[in-house]
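Basis for what follows: all heavy atoms, side chains included, without hydrogens, waters or symmetry-related copies.
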Amino acid sequence: MFRVCAAIWLLPLLMAACQSAPSPGPVPARMVADTTSAQCIAQMQTTAQRPTAGRVVLTTAAFATDDRLSIAPADTVLDTAGQPANGRMQGLPDSFRLTLHNGVCTMVREADGKATPLTACSCVALR
């Protein structure tokens, strides 16, 4: 009788020990630049696009060495020499983070926290 009671008492402990550990949350990542495809770049450009702004153009350099990307508006006021006039930018830059979670690269807009999976992209965790 004692063995049966002990086995019943130990069963919940054994089941809890067998459960898998929770996966860690998203980690900062960078793109694997030599495998960045045109589809991946298109997904990043779509994610970075503002509804009221012009087209965003990115290259394989986006997120190649860092998990951060900042995109300044193209409608900056220029001075007579063609240089951006100090304090004359129209709007604020958009900032993004690249994360890796469960094998999926995700681009996160810093302003609102909107996360978009980049299924066509390959990225690795920053060390």
Side-chain angles (χ1 to χ4, degrees):
M1 171 89 168
F2 178 72
R3 280 189 201 171
V4 172
C5 290
I8 292 173
W9 181 76
L10 287 174
L11 187 60
L13 292 175
L14 291 172
M15 289 177 68
C18 291
Q19 291 179 356
S20 62
S23 64
V27 296
R30 68 169 180 80
M31 286 293 175
V32 181
D34 56 335
T35 63
T36 302
S37 66
Q39 278 184 310
C40 174
I41 292 171
Q43 283 183 340
M44 288 191 291
Q45 288 177 167
T46 300
T47 301
Q49 186 66 48
R50 282 187 191 180
T52 59
R55 193 177 134 222
V56 173
V57 178
L58 299 175
T59 67
T60 57
F63 296 117
T65 59
D66 196 7
D67 66 324
R68 304 285 172 162
L69 176 68
S70 183
I71 301 173
D75 53 353
T76 300
V77 176
L78 303 178
D79 63 16
T80 55
Q83 299 298 316
N86 287 337
R88 301 293 181 154
M89 288 183 65
Q90 303 286 334
L92 298 173
D94 274 329
S95 296
F96 298 89
R97 293 181 284 122
L98 184 69
T99 63
L100 178 65
H101 187 227
N102 292 332
V104 178
C105 303
T106 303
M107 194 166 155
V108 181
R109 185 182 301 268
E110 298 248 313
D112 58 10
K114 181 181 178 190
T116 304
L118 303 173
T119 56
C121 299
S122 296
C123 62
V124 293
L126 286 175
R127 300 194 197 303

For [X] versus [Y], what's the shortest heavy-atom pair and its separation?
X: Thr36; Y: Met44; value: CG2-CE, 4.5 Å
X: Pro26; Y: His101; value: N-CD2, 3.7 Å
X: Met31; Y: Cys40; value: CE-SG, 4.0 Å
X: Val56; Y: Ala48; value: CG2-O, 3.7 Å
X: Ser37; Y: Ala120; value: OG-O, 3.7 Å

Got a second to check how far [X]'s [atom1] is from [Y]'s [atom2], nearest 0.5 Å?
X: Phe96; Y: Ile71; atom1: CZ; atom2: CD1; result: 5.0 Å
X: Leu126; Y: Arg30; atom1: CG; atom2: CZ; result: 7.0 Å
X: Thr99; Y: Asp67; atom1: OG1; atom2: CG; result: 9.0 Å

Q | Non-neighbouring partners of Thr119 that pass side-chain hydrogen bond (donor to acceptor under 3.5 Å, both in side chains), sequence neighbours left out | A |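 Scan of Thr119 (side-chain hydrogen bond (donor to acceptor under 3.5 Å, both in side chains), adjacent residues dropped) gives Gln43.
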
Pairs touching residues 92-106 that satisfy salt bridge (Lys or Arg N to Asp or Glu O under 4.0 Å), sequence neighbours left out |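 Listed once each, the pairs are Arg50-Asp94, Asp94-Arg109, Arg97-Glu110.
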
Connecting only ILVMFWY residues whose side-chain heavy atoms lie within less than 4.5 Å of each other, what is the rest of [X]'s hydrophobic cluster?
X: Val57; answer: none
X: Leu100; answer: Val27
X: Val124; answer: Val32

Requested in this report: With sequence neighbours left out, write down each residue that passes side-chain contact (heavy atoms from CB on, under 4.5 Å) with Thr116, or none if nothing qualifies.
Outcome: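 Partners of Thr116 under the side-chain contact (heavy atoms from CB on, under 4.5 Å) test: Thr47, Lys114.
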
Quick one: do Cys105 and Cys121 satisfy disulfide (SG to SG under 2.5 Å)? Show the steps, please.
-> CA-CA 7 Å; Cys105 303; Cys121 299; 5.9 Å; no

Practice problem: Verify the cluster assignment for Leu98 and Val108: are they in a single hydrophobic cluster under the rule of side-chain heavy atoms below 4.5 Å apart? | Solution: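 In one cluster: no.
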
